[in-house]
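Below is one structure, written out as structure tokens, with a few remarks after it.
FYI, side chains are in, hydrogens and waters are out, and symmetry mates aren't considered; it's all heavy atoms of this structure. Treat the numbers as computed from the prediction; the structure is a model and nothing was measured. Residues take their numbers from the sequence shown, with the count starting at 1.
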Amino acid sequence: MIIFISGIRGILLNRRNILIMSMSIESMLLAVNSNFLVFSVSSDDMMGQSFALLVPTVAAAESAIGLAIFVITFRVRGTIAVESINSIQG
């Protein structure tokens with residue numbers, strides 16, 4: 001619970017740096033994964049452990065796509081500030 005709250009705090013307090021925001025989201029996923037494992041062991045059910053195997057896979061895919069977007073944005077704009085990303089038109 002503490003890791004999840006620190007992730008929410010990181011998102012709410014650091015709205016200027018997108019890299020810190022993505023790291024906060026990853027820490028929130030870590031907290032959810034830990035909760036899946038703890039409740040799976042306490043309830044003697046394997047379903048939480050199977051979900052705990054899927055969460056890192058989704059987190060790795062999200063990190064890879066996010067990092068690719070950060071690199072392209074930095075090459076085009078020269079910064080990864082949130083204010084400049086809001087001006088992207090599609």
Side-chain angles (χ1 to χ4, degrees):
M1 188 70 173
I2 295 171
I3 299 172
F4 190 80
I5 291 172
S6 70
I8 290 175
R9 193 173 137 224
I11 289 175
L12 293 177
L13 294 179
N14 288 324
R15 290 195 175 253
R16 295 192 186 264
N17 194 347
I18 192 86
L19 196 58
I20 293 176
M21 288 174 64
S22 67
M23 288 171 41
S24 298
I25 291 171
E26 292 297 326
S27 69
M28 290 168 58
L29 283 172
L30 173 70
V32 169
N33 200 16
S34 300
N35 280 335
F36 278 145
L37 289 175
V38 167
F39 287 127
S40 173
V41 169
S42 68
S43 66
D44 207 19
D45 187 20
M46 292 293 290
M47 197 59 133
Q49 293 176 10
S50 62
F51 279 132
L53 288 174
L54 293 176
V55 170
T57 307
V58 172
E62 175 219 350
S63 296
I65 292 171
L67 186 60
I69 291 171
F70 296 156
V71 168
I72 291 171
T73 304
F74 184 75
R75 285 184 184 170
V76 170
R77 303 214 182 255
T79 183
I80 56 170
V82 177
E83 293 86 17
S84 68
I85 293 174
N86 285 339
S87 65
I88 293 176
Q89 305 261 333

Cluster link F70 to F74, ILVMFWY, side chain under 4.5 Å: yes

Shared hydrophobic cluster for L54 and V32 (ILVMFWY, side-chain gaps under 4.5 Å): yes

Within one Ile-Leu-Val-Met-Phe-Trp-Tyr cluster: L12 and M28, side-chain cutoff 4.5 Å: yes

Nearest-0.5 Å distance, OG of residue S27 to CG of residue N33: 12.5 Å

Residues V41, Q49; criterion side-chain contact (heavy atoms from CB on, under 4.5 Å); working and verdict: CA-CA 8 Å; V41 169; Q49 293 176 10; 3.9 Å; yes

Any donor-acceptor N/O pair, S42 side chain to F39 backbone, under 3.5 Å: yes

I3 reachable from L29 in the ILVMFWY side-chain graph, under 4.5 Å edges: no

OG-CE distance between S40 and M46, expressed to the nearest 0.5 angstrom: 6.5 Å

Distance, nearest 0.5 Å, that separates CD1 of I25 from CG of L30: 14.0 Å

Same apolar cluster: M23 and F4, side chain cutoff 4.5 Å: no

Criterion side-chain contact (heavy atoms from CB on, under 4.5 Å) on S22 and L19, from CA distance to verdict: CA-CA 5 Å; S22 67; L19 196 58; 4.1 Å; yes

Rounded distance [0.5 Å steps], CG in L13 versus OG in S24: 9.0 Å

